[in-house]
*Asks:* 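Before I ask anything, let me first share the structure, which is written out below as structure tokens.
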Amino acid sequence: MDLVRDVRLGARLAVMRGGGRVLALAGDPVLRLLYRPWIDDPHAIHRQLREGPQPFASRGGVMVVATAAACEQVVRDRRYGVRTRAGGTPGGAVDGTRDPLLEPVDLSVLGLDPPEHTRLRRLVAPVFTPARVAAREDLAVRMAARLVDRAVRLGRFDLVSAVAVPLPVAIIADILGVPDADADAFAHWGRAVGAGLGGVRSLRALHRLERAVVELRALMSGLLDRRRAGRSEGDGDVLDRLAAEDVSDDEAVSLAVLLLLGGFETTSGLIGNAVAAMLDTGEPWQQLVDDPAAGAPAVVEETLRYDPPVQFTARVPHVEVELGDRTIAPDTTVLAMLGAAGRDPAVHTDPDTFDPTRTTAAEHLAFSGGIHYCLGASLARLEGRVALTELATRMPRLRRLPGAERRRSLLLSEFSRLPLDAGR
Ligand code: HEM
């Protein structure tokens with residue numbers, strides 16, 4: 001590790017943490033989303049943001065939109081990008097470099113504007129079309145059935161480690177072409193990287209993250225080399241496409257890392273959030289048990305509206321834009337609170353109630369919108385539906401146990417532990 005860099009970053013972190021906390025205490029709702037106790041009830045802050053002016057100018061230096069209409073406008077407007085005009089991290093250093101505290105991992109297309117975004121996304125998009133995804137349904141059902149059967153035998157189990165993580169890991173490893181033998185390491189590194197995605201808050205966390213990224217990149221680049229040398233035959237999976245096309249090593253590895261992270265960090269959150277919301281509400285679980293085939297897709301959409309795993313995204317206008325009654329200067333960071341948008345009463349009646357039978361459930365922004373619309377949306381929906389169907393079929397008397405832990409960050413809303421009783 002570079003000591004000079006670390007001292008500089010450590011000092012910046014201390015200032016950011018201290019300054020942020022002071023502003024949070026002074027009442028800035030956006031900064032409150034970073035700290036306890038406020039972060040434990042983000043919905044109250046989301047409501048405050050929705051009911052106020054759009055955008056809200058946070059004293060932390062960002063603009064924030066939280067209504068469904070304003071969030072949709074920001075993510076769809078092509079005058080905004082995900083990098084500053086100089087090519088840097090929004091809110092980071094002005095010299096156009098990637099800021100290690102705000103953007104600790106190179107997230108490929110997610111952090112690229114056109115034309116690079118268009119070129120790389122086009123390369124892998126064919127693997128994630130609804131038809132190609134549907135072809136993996138059998139594998140998903142087999143995997144989910146095996147995992148849920150094992151959990152039934154255990155009786156008491158943690159949903160996250162027993163089902164919600166291993167299912168999407170197995171599927172994305174298969175899509176990427178990562179052999180079984182590497183899948184465990186893959187999940188371990190993915191978790192380590194995923195934990196730091198919302199921006200790191202300590203030097204230790206940054207080091208842990210950087211180590212995991214180095215190891216993950218080594219795994220991916222080894223697999224790519226084997227493909228290029230023709231020593232391993234895939235079936236047209238992602239690594240094959242990346243090995244065959246004119247893509248630099250760095251680009252290929254970053255894209256593979258993003259697909260891994262996107263592929264399970266978020267979907268595991270969807271499965272956990274859905275089960276918790278159903279069991280806490282009661283009736284939705286019984287409805288799912290009575291008719292899993294009809295119920296599961298509706299539960300998936302309602303969970304994405306009510307408690308989406310990804311809570312916000314950021315954009316920066318590349319030109320001066322009007323937003324609400326404000327004029328926003330180029331390179332100003334604008335946060336779109338996707339989680340808050342899902343509970344906008346202008347779109348959803350009684351938005352704080354979890355109700356899979358509502359007709360507006362699918363009108364959410366959990367997968368964002370515009371050119372960065374989630375590439376894995378069909379896959380996430382399939383995995384969510386399959387996991388919930390298997391659970392409801394094999395554990396009709398499922399109930400919660402004490403000891404759940406929620407990982408709350410500004411970016412992610414998901415359980416890190418969700419103890420359950422299979423109710424045999
Ligand atoms: C419930 C599960 C998921 C949620 C909530 C989710 C959410 C999101 C969101 C909000 C974005 C866009 C961020 C922005 O606009 O800046 C995104 C992009 C992306 N997601 Fe997902 N995602 C999920 C599952 C997946 C899966 C299974 C994959 C699979 C491989 C995936 C791959 C991607 C990729 C590659 C992008 C970048 C697209 C681009 O920049 O063009 N996601 N996701």
Side-chain angles (χ1 to χ4, degrees), residues 41-44 46-47 50 66-69 71-72 130 133-134 137 140-141 144 148 159 163-164 167 266-311 337-369 373-374 376-400 404 406 413-415 418 420 422-423:
D41 184 14
H43 306 298
H46 288 168
R47 188 177 316 118
R50 261 191 326 260
T67 62
C71 287
E72 183 152 8
V133 165
E137 174 144 1
V141 171
V148 174
L159 180 74
V163 180
L167 175 65
T266 49
T267 312
S268 60
L270 166 65
I271 296 169
N273 294 357
V275 169
M278 280 188 288
L279 294 179
D280 290 350
T281 318
E283 211 178 323
W285 176 252
Q286 199 47 52
Q287 286 163 353
L288 181 69
V289 168
D290 292 344
D291 188 353
V299 170
V300 166
E301 293 313 315
E302 177 66 348
T303 306
L304 290 167
R305 176 198 77 77
Y306 177 81
D307 191 7
V310 178
Q311 290 281 308
M337 307 304 289
L338 308 174
R343 295 198 185 197
D344 189 338
V347 183
H348 309 281
T349 314
D350 201 3
D352 293 325
T353 302
F354 182 80
D355 175 11
T357 65
R358 71 170 69 240
T359 53
T360 58
E363 291 173 43
H364 56 70
L365 288 172
F367 294 125
S368 189
Y373 179 79
C374 177
S378 296
L379 181 62
R381 287 184 161 119
L382 171 93
E383 291 172 355
R385 175 168 61 74
V386 166
L388 298 179
T389 303
E390 294 304 315
L391 284 165
T393 311
R394 285 152 208 265
M395 303 178 176
R397 287 194 299 278
L398 187 68
R399 57 183 189 86
R400 283 186 74 165
R406 249 192 118 87
S413 170
E414 58 183 19
F415 286 90
L418 187 57
L420 299 175

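Here the structure is a predicted model, which is why all the values come from computation and not from measurement. Heavy atoms only: backbone and side chains are in, while hydrogens, waters and symmetry mates are out.
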*Asks:* Before giving the answer on side chain to side chain contact (heavy atoms under 4.5 Å, CB included), spell out for R400 and V275 the whole-Å C-alpha distance, their side-chain angles and the decisive distance to 0.1 Å.
*Replies:* CA-CA 9 Å; R400 283 186 74 165; V275 169; over 6 Å; no
*Asks:* Rounded to the nearest 0.5 Å, what separation is found between the CG atom of L398 and the CG atom of L279?
*Replies:*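 It comes to 5.0 Å.
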*Asks:* Any heavy-atom pair between the side chains of D355 and D350 that's under 4.5 Å?
*Replies:* no
*Asks:* For A68 versus D344, what's the shortest heavy-atom pair and its separation?
*Replies:* N-OD2, 2.9 Å
*Asks:* Could you pull out the closest heavy-atom pair between A140 and V386, with the gap in Å?
*Replies:*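 What the structure gives for the nearest pair is O-CG1, 3.6 Å.
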*Asks:* Using only atom types and a distance under 3.5 Å, with no angle test, would you say the side chain of W285 pairs donor to acceptor with the backbone of P396?
*Replies:* yes
*Asks:* Give a yes or no on whether a salt bridge exists between E137 and R385, defined as a side-chain N under 4.0 angstrom from a carboxylate O.
*Replies:* yes
*Asks:* Is the shortest heavy-atom distance from the side chain of T357 to the side chain of Q287 under 4.5 Å?
*Replies:*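 Side chain of T357 against side chain of Q287, heavy atoms only: contact under 4.5 Å found.
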*Asks:* Give the C-alpha distance, both sets of side-chain angles, the deciding distance and a yes or no for side chain to side chain contact (heavy atoms under 4.5 Å, CB included) between R50 and R47.
*Replies:* CA-CA 5 Å; R50 261 191 326 260; R47 188 177 316 118; 3.7 Å; yes
*Asks:* Report the C-alpha distance between T393 and V148 in whole Å, list the side-chain angles of each, state the deciding distance to 0.1 Å, and finish with yes or no for side chain to side chain contact (heavy atoms under 4.5 Å, CB included).
*Replies:* CA-CA 10 Å; T393 311; V148 174; over 6 Å; no
*Asks:* Are a donor atom and an acceptor atom from the side chains of H364 and E301 found within less than 3.5 Å of each other?
*Replies:*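 Checked: H364/E301 side chains pair up, N/O donor to acceptor below 3.5 Å.
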*Asks:* Which atoms form the tightest heavy-atom contact between A276 and F415, and what is the distance?
*Replies:* CB-CE1, 3.4 Å
*Asks:* Taking R381 for its side chain and V300 for its backbone only, find out whether a donor-acceptor pair lies under 3.5 Å.
*Replies:*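 Flag not set: sc R381 to bb V300 has no pair under 3.5 Å.
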*Asks:* What do the steps show when you test R305 against R343 for side chain to side chain contact (heavy atoms under 4.5 Å, CB included), and what is the final call?
*Replies:* CA-CA 7 Å; R305 176 198 77 77; R343 295 198 185 197; 4.2 Å; yes
*Asks:* Going by atom types only, do S413 and D307 share a side-chain donor-acceptor pair under 3.5 Å?
*Replies:*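 Their side chains do contain a donor-acceptor pair, which is all the 3.5 Å distance test asks for.
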*Asks:* Would a 4.5 Å heavy-atom cut-off, applied to side chains only, mark L338 and P308 as touching?
*Replies:*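 No. Closest side-chain heavy atoms not under 4.5 Å.
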*Asks:* Contact between F354 and N273 at the side-chain level, heavy atoms closer than 4.5 Å - yes or no?
*Replies:*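 No. Closest side-chain heavy atoms not under 4.5 Å.
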*Asks:* Does some side-chain heavy atom of L420 sit less than 4.5 Å from a side-chain heavy atom of M395?
*Replies:*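 Heavy-atom side-chain distance check fails, nothing below 4.5 Å.
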*Asks:* Search all heavy atoms of A277 against all heavy atoms of T281 and return the closest pair with its distance.
*Replies:*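 Closest approach of A277 to T281, heavy atoms only: O-OG1, 2.6 Å.
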*Asks:* Taking only residues two or more places apart in sequence or in another chain, which ones pass salt bridge (Lys or Arg N to Asp or Glu O under 4.0 Å) with D290?
*Replies:* none
